[in-house]
Amino acid sequence: MPRRRLLRVSLVTVAAVVVVALVAVMVTAVIVVRRPLPEVSGEKELTGLDADVVVTRDDRGVPTITATTSGDLFRAQGYVAAQDRFFEMDYRRHVTSGRLSELVGENEDALAADKVIRTFGWRRVAQQEWTLLQPATRDALQAYADGVNDYLDGRDPGAVAVEYSVLGLQVEVGAPQEWDPIDSLAWLKAMAWDLRGNYDAELERAASFSSIGDVARVEELFPTYPQDLNLPILTAANLPVTTAEQAASTSAVPLDLGSADLQEAMASASAALAAVPHLMGDGEGVGSNSWVVSGALTESGKPLLANDPHLGISAPGIWEQMGLRCDEVSAACPFDVSGFAFAGMPGVVIGHNGSLAWGLTNLGADVTDFVLERVDEDTTRLDEGSAPITERTEVIKVNGGDDVELTVRESVHGPLVSDVLDLVGVGTAPVPEGAPGRTFEVALAWTALQPGRTMDAVLAINVATSAADIQAAAALFDVPSQNIVFATTDGHIGYQAPGRIPIRANVPDSPVPSDGTWPRPGWDSRYDWQGFVDAAAMPRAFDPVEGVVVTANQAVTPAGVGPFLTEDWDYGYRAQRIRELLTAATANGKVDVADMARIQNDQHSPFADVLVPVLLTLDIDDSFDDDGQELLRTWDRVQSPDSAAAAYFAAVWVDVLSSAFADDLPDGYGPNGGSRWLEVVRRLLEEPASPWWDDKTTAGVVEGRDEVLTRAMVEARRQLTAQLGRDASEWRWGRVHTAAPEHPVLGGSSLPGVIRNLVNPDPVPVGGGSSIVDATAWDASSGSFGVTAAPSMRMVVDLGDLDASTWVTLTGASGHPASVHYADQLGPWSRGETFPWPFTGAATEADARDRLTLTP
């Protein structure tokens, strides 16, 4: 045989072997990825059931569970949650119990998170809550856990979730630990942490003072709520008859936060808290819209309720769509509810039953204080004496590594968070052996570190039928404090504020604000919390004469009315826009579900309303540089994904903030561009010569407003030219403003691309932005326009015809990357579309595609 032919045959043989090998690898990969997909039809035996339970799923894989007893219902809910999303549940419980290193192995970030969360003691508090709960709630939690464990029984990790197969390439992966009811309760602590209120603002004030050195100037960056411009939730027209008197806040000079020792402690505390993973979301964009409209203003003559919580974007998404139905609703089995649940917790968190619908937005009450402690070895100073520091030892197990021992210290005010981590480069360093420690440490006082009954409240709302039921449930809803709007099928609407809210004393002649806006001295007991606001005094409204209640994280009541909740609200631009749209819609006739959905997707920019009129008065001489400004002249001020002007305006906004403020602030505290910064700029536009406009990085030049705004327009034109091309008319907001859900464990940039592509859905272009009703937030200080928080779901409930309601979630019903339902709602969600939401037995039966019968 000629040599050339031998070579050709050899190459063909090698190629064939490679192809066969590749095919084998691909087939194996497909099998591994698809192996965890659950059975969703047929029959399965489930131990402990009293009778058959039917699980139907619609075209998007959303389950509806029908059972004859509450125990069977929650057992089946746990089973179905484990079918669809067990790895998500397992990841969450490892985070909330400070055991992330046990799951992912040796990793600095995981270990730091474990240390801080063990210091908080989230799981310890959850264990204390167990004994406070109603027996029926404990039964529900136990039944749910039993259902999860029924699913896990006999399955190896690779059959439960593909994530275990991937992790098994690096660390030892054993059979998942059984689910415990405390795992469900601990999740509430993570929820409370991400929705905790003003702790970021409190830290930012203290950090800003270190670089600005002037209290009055710092406070200019935290303006008062503009109630003359943006109405609070409860206006004079819909305030309840009785309210509690609000204590006036003090305005005073803070402690010497410029001292090196104190700043070192604050920097260490800030870095430690930044190590905590955010399971619900983080930053200015975390909030929500919710509103309810009286039947007097609707086409059906019955109320409409809309809700879209703005949370972090992840894959899978935060919510688990679910229907829970007792075959015959009775006192023994009272549940007939549908909505959005958390995988790992029984019941529905937001949704409706046959009589009442409810929505939630973050109230943002100030439920945390940073307490500065003067430390002397194992005590802290308190008034004329001292108070002990208690200690306990926590052992953190590290998969594939050595155990880590952690000494947790607590003052009388809470855990000491400034000495959790040995950090270098954040203003502190490990203390040498034998050397004296810092004079100051920082303790965290937080209402969620006291056991409460929020789980009782969740299940109570699931069966609520009236305003009285909501008020009773709200009295149990300790943390996180939420705005509740509700509507009933018999025509009522209302609002209720729940939450465990600290009462802060006014300290006469105080050198320190005692309203929770700044860190407070732990050595003076006059600053300690004086108890909590009585649930009966919390703001509420029932059938307001306006016929509308709008909550979007704005102030709850007019200044000085009701109990003191916080000084740090969202500044109300989303809320006011929703009010205006509802007023316009109802002035032109009655509204319906489609009208509510259109409002949810409104992308009008309040930033543009404030800034564009001034930008258009300025001259840009160069014909190339002024191309961006020309886009603004005909712009409708809508941040739509296909808008060139929207992209340009966003780039201008970033440069304005950077030039005016970033040079005055410490590293890590640059302007994020949210509603607070909109309010700051709105006021500064009236002061063209304000020192804030001066960019200190330009030596020898003192800029005013017009110089900064003109330069910002020129810089934005040049930046987008490099990023999107020379022709300004071809720019598109959606090209740079994308939503990219990321898997919390396997989705990061350090993982191989093949893994990331498996678990991370493709990014989608979106419109909207920060403080816009379609609240796809982005961080102006990050150098990216990418979405950081967004509507995690959208729902509209029609109380006149519950089957006419609509819903959508960010990604999909399944937590398995190989499932067709992993991200099948992401595209429709990005376009503002929703799906029919059947509720009645006949409607869900007609919509059923798969049917699984769980038998005893």
Checklist entry - Taking side chain as C-beta onward, heavy atoms only, is R504 less than 4.5 Å from S514? => result no
Item to check | Contact check, side chains of P539 and T557, non-hydrogen atoms, under 4.5 Å | outcome: yes
Checklist entry - Judged by modelled atom types alone, do Y199 and S270 share a side-chain donor-acceptor pair under 3.5 Å? => result no
Next on the checklist: Could you measure the distance from the CD1 atom of I318 to the CG atom of L311? Nearest 0.5 Å is fine.
Outcome noted: 4.5 Å
Item to check | Full working for side-chain contact (heavy atoms from CB on, under 4.5 Å) between V681 and W653 | outcome: CA-CA 10 Å; V681 170; W653 178 240; 3.8 Å; yes
Checklist entry - Centre of F222's six-membered ring, under 6.0 Å away, within 45 degrees of the axis: is that where NZ or CZ of R676 sits? => result yes
Checklist outcome for this item: The salt bridge (Lys or Arg N to Asp or Glu O under 4.0 Å) partner of R205 among D515, D214, D200, D568 is D568
Item to check | Evaluation steps, side-chain contact (heavy atoms from CB on, under 4.5 Å), between L582 and V293 | outcome: CA-CA 9 Å; L582 286 171; V293 180; 4.0 Å; yes
Item to check | Pairing of R579 and E546 as salt bridge, 4.0 angstrom limit | outcome: yes
Item to check | Donor-acceptor pair between T517 and E567 side chains, under 3.5 angstrom | outcome: no
Item to check | Salt-bridge contact E679-R683 (side-chain N to carboxylate O under 4.0 Å) | outcome: yes
Checklist outcome for this item: Interatomic distance, CG@D655 vs CG@L657, rounded to 0.5 Å, equals 9.0 Å
Checklist entry - Do you know the tightest heavy-atom contact between P606 and I772? => result CD-CG1, 3.9 Å
Next on the checklist: Could you check whether R217 makes a cation-pi contact with W692, meaning its NZ or CZ is under 6.0 Å from the centre of the six-membered ring and within 45° of the ring axis?
Outcome noted: yes
Next on the checklist: For a quick check under 3.5 Å, do E219 and W518 share a side-chain donor-acceptor pair by atom type?
Outcome noted: yes
Checklist entry - So, does Y225 use its side chain to make a donor-acceptor pair with the main chain of N230 at under 3.5 Å? => result yes
Next on the checklist: Looking at every non-hydrogen atom in both residues, tell me the closest pair between W569 and Q554 and how far apart they are.
Outcome noted: CE3-O, 3.4 Å
Checklist outcome for this item: Between V125 and A448, the two heavy atoms sitting closest are CG1-O, 3.7 Å
Item to check | Flag for D383-S525: side-chain donor and acceptor within less than 3.5 Å | outcome: yes
Checklist entry - Are the side chain of S781 and the backbone of N672 linked by a donor-acceptor contact shorter than 3.5 Å? => result no
Item to check | Spatial distance of atom CG (L356) from atom CG (L799) [nearest 0.5 Å] | outcome: 7.5 Å
Checklist outcome for this item: Value for CG (D478) from CD (Q450), rounded to nearest 0.5 Å, stands at 9.0 Å
Item to check | Closest approach of G359 to N307 (non-hydrogen atoms, all atoms of both residues) | outcome: CA-OD1, 3.2 Å
Item to check | Pair R682, Y573: side-chain N/O donor-acceptor within cut-off below 3.5 Å | outcome: yes
Checklist entry - Are side-chain N/O atoms of W529 and D369 paired as donor and acceptor at under 3.5 Å? => result yes
Checklist entry - When you check the side-chain N and O atoms of Y495 and N483, is any donor under 3.5 Å from an acceptor? => result yes
Checklist entry - Given the rule in the side-chain contact (heavy atoms from CB on, under 4.5 Å) test, do W291 and M596 qualify, once you have shown the distances and angles that lead to the verdict? => result CA-CA 9 Å; W291 65 89; M596 300 299 98; 3.2 Å; yes
Item to check | Side-chain donor or acceptor of T298 paired with backbone N/O of P303 under 3.5 Å | outcome: no
Checklist outcome for this item: Scanning both residues in full, the closest heavy-atom pair of V485 with L305 reads O-CD1, 3.7 Å
Next on the checklist: Could you walk me through whether W677 and F661 satisfy the ring pair (Phe, Tyr, Trp, His ring centres under 6.0 Å) test, starting with their C-alpha distance in whole Å, then the side-chain angles of each, then the deciding distance to 0.1 Å, before giving a yes or no?
Outcome noted: CA-CA 10 Å; W677 294 102; F661 305 108; 5.0 Å; yes
Checklist entry - Do any N or O atoms from the side chain of Q530 and from the backbone of D528 form a donor-acceptor pair under 3.5 angstrom? => result yes
Checklist entry - To the nearest 0.5 Å, how far apart are CZ in R705 and OG in S690? => result 11.0 Å
Item to check | Separation between CD of E373 and NE2 of H413, rounded to the nearest 0.5 Å | outcome: 5.5 Å
Item to check | Non-hydrogen atoms of S481 and I501 that approach each other most closely | outcome: OG-CD1, 3.9 Å
Checklist entry - Do the side-chain N and O atoms of T361 and S290 include a donor-acceptor pair separated by under 3.5 angstrom? => result no
Item to check | Residue pair D694 / P691, side-chain heavy-atom distance below 4.5 Å | outcome: no
Next on the checklist: Closer than 4.0 angstrom, basic N to acidic O: yes or no for R794 and D774?
Outcome noted: yes
Checklist entry - Which word best sums up how the rings of W193 and F120 line up, parallel for under 30°, tilted for 30 to 60°, or perpendicular for over 60°? => result tilted
Item to check | Distance-only polar pair, side chains of D570 and S675, donor-acceptor under 3.5 Å | outcome: yes
Next on the checklist: Can you confirm whether the side chains of N362 and S288 place a donor and an acceptor under 3.5 Å from each other?
Outcome noted: no
Checklist entry - Side chain of W778, backbone of A789: donor and acceptor closer than 3.5 Å? => result no
